Visitor: 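I am attaching a structure below and will ask some questions about it afterwards.
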Amino acid sequence: MKDELNFYEKVHEIAKLVPVGRVTTYGAIAKFLGTASSARMVGWAMNAAHADSSIPAHRVVNRLGILTGKHHFAAPTLMEDLLVSEGIEIIDNQIQDFNIKFWDPNLELK
DNA sequence: TCTATGACTCCGG
DNA sequence: CCCGGAGCCATAG
């Protein structure tokens with residue numbers, strides 16, 4: 001076991017830190033990790049997070065606030081359903097008032 | 001070792 | 001934000 005977390009483990013930690021009713025983006029997480037990795041790796045890490053039900057992957061969306069990864073959930077409607085249950089309004093797979101709902105780890109965890 | 005892939009993002013038009 | 005193209009890099013086979 002390494003003392004320092006792997007890339008996807010860091011992503012998992014960030015995802016767990018996202019407050020209820022808030023969302024973040026792949027790019028924000030990638031940037032928080034030092035821009036050393038591209039946003040695609042964050043998405044890949046979330047794919048690994050799929051095995052861990054404690055990771056709120058539904059709170060991670062792309063930079064436009066669109067639920068790009070909804071098809072990766074058990075049900076296509078599960079992702080938006082979870083977000084709606086947390087008080088987030090979603091129209092046409094896109095988060096409304098995304099600029100308000102957005103939670104930036106670079107600002108909150110700094 | 002190399003190739004393909006992807007839940008992304010930036011850039012120009 | 002629509003469209004096409006390029007960059008990005010860990011993981012799988």
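Values below: every heavy atom of this structure, side chains too, minus hydrogens, waters and symmetry copies. Letters A, B, ... are given to chains in the order of the sequence lines, protein chains preceding strands, and every chain is numbered from 1. Owing to the predicted nature of the structure, the values given are computational and were not obtained by experimental measurement.
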Visitor: Any chance you could measure A/His72, atom NE2, to A/His50, atom NE2, to the nearest 0.5 Å?
Guide: 9.0 Å
Visitor: Could you tell me the separation between the CE atom of A/Met46 and the P atom of B/dG6, rounded to a whole number of Å?
Guide: 18 Å
Visitor: Going from CG on A/Leu67 to OG1 on A/Thr77, what distance comes out if it is rounded to the nearest 0.5 angstrom?
Guide: 11.0 Å
Visitor: Take the protein atom NE2 of A/His71 and the nucleotide atom P of B/dA7, then report the distance between them rounded to whole Å.
Guide: 10 Å
Visitor: Identify which nucleotide among B/dA7, B/dT9, B/dG6 has an atom closest to any side-chain atom of A/Thr25, counting heavy atoms from C-beta outward.
Guide: B/dT9
Visitor: Rounding to a whole Å, what distance do you find between A/Asp52:CG and B/dA7:P?
Guide: 20 Å
Visitor: Rounded to the nearest angstrom, tell me the gap between atom CZ in A/Phe102 and atom P in B/dT9.
Guide: 10 Å
Visitor: Counting heavy atoms from C-beta on, name the nucleotide in B/dA7, C/dT11, B/dT9 closest to the side chain of A/Arg63.
Guide: B/dT9
Visitor: In whole angstrom, give the distance that lies between atom CD of A/Glu9 and atom P of C/dT11.
Guide: 10 Å
Visitor: Rounded to whole Å, please give me the gap between NZ in A/Lys10 and P in C/dA10.
Guide: 12 Å
Visitor: Would you check, one step at a time, whether the test side-chain contact (heavy atoms from CB on, under 4.5 Å) holds for A/Ile95 with A/Phe102?
Guide: CA-CA 10 Å; A/Ile95 296 176; A/Phe102 179 61; over 6 Å; no
Visitor: Quick one: label A/Ala45 by what it contacts on the DNA or RNA (base, sugar-phosphate, nothing), any heavy atom closer than 4.0 Å.
Guide: nothing
Visitor: Whole-Å distance between B/dG6 C1' and A/Trp44 CH2?
Guide: 7 Å
Visitor: Where is the tightest heavy-atom contact between A/Phe7 and A/Val42, given as atom of each residue plus distance?
Guide: CE2-N, 3.8 Å
Visitor: Taking the side chain of A/Asn62 as its heavy atoms from C-beta onward, which of C/dA12, B/dT9, B/dA7 lies nearest to it?
Guide: B/dT9
Visitor: Would you mind telling me which of C/dC1, B/dA7, C/dT11 lies closest to the side-chain atoms of A/Tyr8?
Guide: C/dT11
Visitor: Where the side chain of A/Leu64 is defined as all heavy atoms beyond and including C-beta, which of C/dA12, B/dA7, C/dC1 is the nearest nucleotide?
Guide: C/dC1
Visitor: As a quick check of understanding, evaluate side-chain contact (heavy atoms from CB on, under 4.5 Å) for A/Ile29 and A/Val60, giving each step before the final call.
Guide: CA-CA 9 Å; A/Ile29 296 175; A/Val60 184; 4.1 Å; yes
Visitor: Please give, in whole Å, the distance from C/dC1 P to A/Asn93 CG?
Guide: 13 Å
Visitor: Any idea which of B/dA7, B/dT9, C/dC9 is nearest the A/Ser38 side chain?
Guide: C/dC9
Visitor: Of the nucleotides B/dA7, C/dC1, B/dG6, which has the atom closest to the A/Met41 side chain?
Guide: B/dG6
